[in-house]
Amino acid sequence: MPQLSLTTNVPVDAVVAADIIKDCSKVLARVIGKPESYVMVSINGSVPMSFAASEEPAAYGELMSIGGLGPGVNGKLSAALAEILETKLSVSRSRFYVKFDDVKGFNLGFNGSTF
């Protein structure tokens, strides 16, 4: 159940958003090792944001998953997500943070219950 939320100060049109969502979904499934049918990705563009006292293109992401995250995986995910944002939105990898959260199943609701 990986869920990635991306926020950026770069304007994101529907076509670019669809490409980013598709690319991130595939990367998350492959690297974390979960079916893509479990993956959720969202992106929110044109959000006022400052990074290092500059409003140049920047982004922030939060990724949560029930398992599959850890020291060996998080670095790979960070690099892959930074590559997507750099390619699709011209956000330098040095202007992107991502927070990883490995949650317990009982702390996440789905389908009227928890995992």
Side-chain angles (χ1 to χ4, degrees):
M1 182 294 354
Q3 192 280 327
L4 173 66
S5 297
L6 294 169
T7 305
T8 181
N9 58 353
V10 178
V12 181
D13 68 29
V15 173
V16 172
D19 282 347
I20 292 169
I21 287 169
K22 180 185 71 174
D23 292 351
C24 289
S25 181
K26 289 185 184 313
V27 163
L28 292 174
R30 180 178 45 83
V31 176
I32 294 175
K34 299 211 179 206
E36 194 171 1
S37 61
Y38 292 3
V39 177
M40 178 185 281
V41 179
S42 64
I43 186 164
N44 191 10
S46 298
V47 175
M49 182 181 296
S50 171
F51 187 111
S54 166
E55 293 180 20
E56 291 178 39
Y60 173 72
E62 290 189 0
L63 173 61
M64 73 170 170
S65 181
I66 299 171
L69 300 178
V73 171
N74 295 0
K76 292 176 187 174
L77 288 169
S78 182
L81 295 171
E83 176 67 27
I84 292 167
L85 294 175
E86 195 165 52
T87 302
K88 305 284 184 182
L89 296 178
S90 298
V91 172
S92 169
R93 58 186 57 239
S94 67
R95 295 186 54 80
F96 170 61
Y97 282 142
V98 59
K99 175 185 170 185
F100 299 97
D101 190 12
D102 193 349
V103 300
K104 304 281 187 214
F106 60 83
N107 284 326
L108 188 65
F110 172 72
N111 200 23
S113 187
T114 60
F115 283 92

Rounded distance [0.5 Å steps], OG in Ser90 versus CD in Glu56: 11.5 Å
Let me confirm one number: the OG1-CG distance from Thr87 to Asp19, rounded to the nearest 0.5 Å. 11.5 Å
Going from CZ on Arg95 to OG1 on Thr8, what distance comes out if it is rounded to the nearest 0.5 angstrom? 9.5 Å
So, for Tyr60 and Phe51, is the gap between ring centers shorter than 6.0 Å? no
Using a cut-off of 6.0 Å, state whether more than 12 heavy atoms not belonging to Lys34 lie near its atom NZ. yes
Any chance you could lay out the side chain to side chain contact (heavy atoms under 4.5 Å, CB included) test for Ile20 and Val41, step after step, and finish with the verdict? CA-CA 9 Å; Ile20 292 169; Val41 179; 5.8 Å; no
Heavy-atom pair of closest approach, residues Cys24 and Leu81: SG-CD2, 3.7 Å
Starting at OG of Ser65, measure out to CZ of Phe100 and round the result to the nearest 0.5 Å. 11.0 Å
Closest non-hydrogen atom pair between Ile43 and Ala17, with its separation: CG2-CB, 3.9 Å
Correct closest heavy-atom pair for Ser46 and Val12 would be OG-N, 4.4 Å
What's the spacing between Phe110 CZ and Ile66 CD1 if we round to 0.5 Å? 10.0 Å
Do Ser42 and Gln3 make a side-chain contact, defined as non-hydrogen atoms from C-beta onward lying under 4.5 Å apart? yes
When you measure from the side chain of Asn9 to the backbone of Val47, do you find a donor-acceptor pair of N or O atoms at a distance under 3.5 Å? no
Pair Val16, Val10 - check side chain to side chain contact (heavy atoms under 4.5 Å, CB included), show working. CA-CA 11 Å; Val16 172; Val10 178; over 6 Å; no
Looking only at heavy atoms, which two atoms of Arg93 and Ala82 are closest? And how far apart? CB-CB, 3.7 Å
Ile32 side chain reached by Val39 side chain, heavy atoms, under 4.5 Å: no
Pair Thr114-Asn107, side chain to side chain contact (heavy atoms under 4.5 Å, CB included): steps then yes or no: CA-CA 7 Å; Thr114 60; Asn107 284 326; over 6 Å; no
Connected via hydrophobic side-chain network under 4.5 Å: Val31 and Leu4: yes
Take a 6.0 Å sphere around CZ of Phe115 and say whether it holds more than 12 heavy atoms from other residues, nucleotides or ligands. yes
Compare every heavy atom of Lys88 with every heavy atom of Asp23, then report the nearest pair and how far apart it is. OD2-CE, 3.0 Å
Distance-only polar pair, side chains of Glu62 and Ser5, donor-acceptor under 3.5 Å: no
Same hydrophobic cluster for Leu89 and Val98, using side-chain heavy-atom links shorter than 4.5 Å among ILVMFWY? yes
Are Ile21 and Leu6 joined in one hydrophobic group, where the rule is that I, L, V, M, F, W and Y side chains link up if heavy atoms are under 4.5 Å apart? yes
Which atoms form the tightest heavy-atom contact between Glu36 and Ser25, and what is the distance? OE2-OG, 2.7 Å
Going hydrophobic residue to hydrophobic residue with side-chain gaps under 4.5 angstrom, can you get from Val73 over to Met64? no
Given 3.5 Å as the limit, does a donor-acceptor pair link the side chain of Asn44 with the main chain of Thr7, or not? no
Mind running side chain to side chain contact (heavy atoms under 4.5 Å, CB included) on Val27 and Glu83 for me, showing each step along the way? CA-CA 11 Å; Val27 163; Glu83 176 67 27; over 6 Å; no
